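In what follows, a single structure is set out as structure tokens and then discussed.
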Amino acid sequence: MTANATPTGDLCSMPALLRRNAREFAGRPAYREKEYGIWQSWTWAEAAQEIEWLALGFLALGMERGDHVAVIGRNRPDHYWAMVAAQMCGAVPVPLYADAVAEEMAYVLGHCGARFVVCGDQEQVDKVIDIQDELHQIDHVLYHDKRGMRKYDHEHLNWLHDIRDEGKAAHFRHEHELAKREAELTYDSTCVMLYTSGTTGKPKGVVLSNRNIIETSKNSSEFDHLRADDEILAYLPMAWVGDFIFSMGQALWNGFCVNCPESAETMMTDLKEIAPTYYFAPPRVFETQLTSVMIRMEDASPLKKRLFRHYMALARKVGPQILDGKPVGLVDRLRYAMGEFAIYGPLKNTLGFSRVRVGYTAGEAIGPEIFDFYRSLGINLKQLYGQTEASVFIAQQPDHEVRADTVGVTSPGVEIRIAENGEIFYRSPGTFVEYYNNPESTASTKDPEGWVATGDAGFFEEETGHLRIIDRAKDVGKMADGHMFAPKYVENKLKFYPDVLEAVVFGNGREMCTAFINIDLTAVGNWAERNNIAYASYQELAGHPQVLETIRSHVEEVNRSVAQDDMLSACQIHRFLVLHKELDADDGEMTRTRKVRRAKIEEKFHDLIAGLYDGSESVYTETEVTYEDGRKGSISATLQLVDAATVTPRHHKVAAE
């Protein structure tokens, strides 16, 4: 396949890769979308034609070189096509998070100065219309789904299919201009602008060039031996750099098929039907799937429960070794094969992982127990370490060198150095061009030699050359006694339990660690139903004495595990509370990518933190919340503060002796 060649000349842009695929993989499936329960499919030749007509339609609307084209909606072929069509016109696609509220959209649309906005449906159109009075630069709003749009003023509002048809009709009028603009695209032309999640302030527009995306896609594809016959499920937010690399960069580079599910609600069913060979999910998705498995096992018959526990114990013992090609005894291999037939195979099929050849997780550190669970089933799940500013890849795990406590070796083409304070710096062909209209932030993040500060702390293992991430550099601190404080390490262990949805650990500069915990309403609600425990709300269930006791047992088990780590043993949790509400992006407590905003939480819930440290048995609190329709309200609760047993670390015992 020509993908082994360095992508210069006619392979220096996304549209150029599309043209190549239309020639070389003309009849192979390029995109699938499930709508009304039926999978529709487009070959590379058909997709290339659709995209060209759409680009011609954009020219007819007056799209200029350098225009920013916002794309807002769920994953669907038309939205990916709109991004490539915009690139053909010399414009810059800017995907936004579909669940962002109007205020967040207003900031991004205003900051990038988008003239065109492609919306998925009426909901997204309404949000754009709501903010148009303060954003006067938007000339055209296009939408994919016609439902509910009949009575709108269509002077500057167009159905995306009408634009495509107009481009098809105006083929002879605009094809010369389109060819001219495509030919102008170079390796250093802007490919996409992606906004950061904004954990510490306003989101920044990360400008990524064709060089960034194509070189990174090429190198990462060769690393994992990706092929044209691979399949992926495109379900992650289109505004996230991971989806852009997997569903755009790597898909166009390798020519594999991008499958778009019908909705978030049908995603698991669609995943099972497609059974992708290449799969990516952030830890939260794997945690949710594991929770679902554990809930179903609680409802299973005693015999099924015994079989599941027996074979999962065997899988944890030998599964990862078999997956990595390490020696395992004949008896254990035979028993594992029986487990594959009885338990592992059906479970992987139910999860949609029966054909996964390469699986990745990133975005947040995944709990070791969760990671090992999937690998024990024979799923080649690996970790990668990356950032938007790196076009994703900084480090990744090679096959047969996979461990839960590292993120692997330096990715191809990437250089990494560790500063004296432990912060990780990198440079690579994927290193971003700049933050849009923000030279100060660009200069503070990327130095003149191209080294980028990640904000993460870590180190290389001398024996293996693998990179270990400790935590965000700004979150790593010291306890009052000088021991290291790394909250994410403990939080991930807590989130292994199906009952725990989220955890936030405190302790920097203090004598001991404490924690906020969110219960998983699905898992705990299922337990309540099985035990005939009535509850009317999340808040009521979160404060139930038996729930608090269960969470206490989880915390104490985590403490026993943390005590085994000499470096982080001081991070055991002495006291905790179960929050009366779920942490929510709409309330500013998390980012849209589900990363905890620690500073915001510490400020918002300062009274609860004070109670955890002053010995209070309970704390009354009132909290402002944002409802789905944007209205503000408040909820109040009296929260119980719970003590948890801790363990004397091994090295303390040795020292005492």
Side-chain angles (χ1 to χ4, degrees), residues 58 61 63 67-76 78-83 86 91-163 192-198 202-205 235-240 243-244 260-265 436 584-594 624-633:
F58 285 168
L61 276 181
M63 189 174 289
D67 279 347
H68 286 101
V69 182
V71 180
I72 313 168
R74 68 173 176 85
N75 311 73
R76 54 193 324 160
D78 278 76
H79 294 154
Y80 292 114
W81 298 347
M83 288 198 280
V92 178
V94 185
L96 276 68
Y97 287 98
D99 61 349
V101 296
E103 182 184 352
E104 293 172 81
M105 283 188 180
Y107 173 78
V108 173
L109 293 174
H111 184 261
C112 73
R115 283 188 60 219
F116 295 80
V117 183
V118 177
C119 296
D121 54 23
Q122 183 185 15
E123 179 189 358
Q124 308 301 344
V125 171
D126 285 344
K127 284 192 263 188
V128 174
I129 289 174
D130 285 346
I131 59 181
Q132 264 189 307
D133 285 344
E134 57 184 282
L135 297 175
H136 302 291
Q137 86 272 0
I138 298 174
D139 291 334
H140 296 281
V141 178
L142 316 174
Y143 57 88
H144 174 275
D145 191 337
K146 289 182 74 172
R147 285 174 291 187
M149 300 301 302
R150 182 183 299 174
K151 295 184 179 179
Y152 283 63
D153 178 0
H154 278 70
E155 185 179 354
H156 298 286
L157 197 60
N158 292 280
W159 187 31
L160 204 57
H161 287 222
D162 283 344
I163 299 304
V192 69
M193 187 154 76
L194 300 164
Y195 277 80
T196 61
S197 54
K202 290 289 188 184
K204 296 188 282 285
Y235 69 99
L236 294 163
M238 294 179 68
W240 186 59
D243 184 70
F244 193 84
C260 299
E262 186 163 16
S263 66
E265 291 71 32
Y436 184 67
D584 196 320
D586 287 347
D587 293 328
E589 298 146 355
M590 307 189 88
T591 69
R592 291 288 164 197
T593 53
R594 303 291 301 176
E624 183 181 83
V625 295
T626 305
Y627 298 110
E628 286 187 7
D629 61 4
R631 289 182 300 112
K632 302 282 187 183

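Predicted, not measured: the structure shown is a model, and the values here were computed from it. Sequence positions, counted from 1, serve as the residue numbers for this chain.
- To the nearest 0.5 angstrom, H111 atom NE2 is 9.5 Å from H68 atom NE2.
- In this structure, the side chains of V141 and Q132 come closer than 4.5 Å at one or more pairs of heavy atoms.
- Not a single donor-acceptor pair under 3.5 Å links the side chain of H144 to the backbone N or O of L160.
- Side-chain contact check for T591 versus Y97: every heavy-atom pair is 4.5 Å or farther apart.
- The two residues P203 and T196 come nearest to each other via the heavy atoms CB-O, 3.2 Å.
- For the pair L194 and M238, the tightest heavy-atom approach, listed with the atom from each and the gap, is CD2-O, 4.4 Å.
- The CD atom of E134 lies 8.5 Å from the CD atom of E103; values are rounded to the nearest 0.5 Å.
- Closest approach of K127 to A98, counting heavy atoms only: NZ-O, 2.9 Å.
- Considering only heavy atoms from C-beta on, D78 comes within 4.5 Å of H161 through its side chain.
- The shortest heavy-atom contact between Y152 and D126 is OH-OD1, 2.5 Å.
- Atoms CD1 and CG, from I72 and L109 in turn, are 5.5 Å apart once rounded to the nearest 0.5 Å.
- To the nearest 0.5 Å, atoms CG (D121) and CZ (R76) are separated by 8.0 Å.
- Aromatic ring pairs are classed by plane angle as parallel below 30°, tilted from 30° to 60° and perpendicular above 60°; the pair Y143 and H154 is perpendicular.
- Using modelled atom types, one side-chain atom of E104 and one backbone atom of V101 make a donor-acceptor pair closer than 3.5 Å.
- Of all the heavy atoms in P95 and A239, the pair that sits closest is O-CB, 3.4 Å.
- Judged by distance alone, the side chain of N75 and the main-chain N or O of P261 form no donor-acceptor pair under 3.5 Å.
- Annotation for V92 and M193: closest pair CG1-N, 3.9 Å, computed over non-hydrogen atoms.
- In terms of modelled atom types and a separation under 3.5 Å, the side chain of W159 and the main chain of L142 share no donor-acceptor contact.
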side-chain contact (heavy atoms from CB on, under 4.5 Å) assessment of Y80 paired with D243 = CA-CA 11 Å; Y80 292 114; D243 184 70; 2.8 Å; yes
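- Although no hydrogens or angles enter the test, the distance criterion places a donor-acceptor pair under 3.5 Å between the side chain of E589 and the main chain of D584.
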Worked verdict on H140 versus I163 for side-chain contact (heavy atoms from CB on, under 4.5 Å) | CA-CA 11 Å; H140 296 281; I163 299 304; over 6 Å; no
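- Taking 4.0 Å as the cut-off between side-chain N and carboxylate O, D145 and R147 count as a salt-bridged pair.
- With rounding to the nearest 0.5 Å, the separation of CE in M105 from CD in Q124 is 4.5 Å.
- Expressed to the nearest 0.5 Å, how far CG of N158 lies from NE2 of H156 amounts to 10.0 Å.
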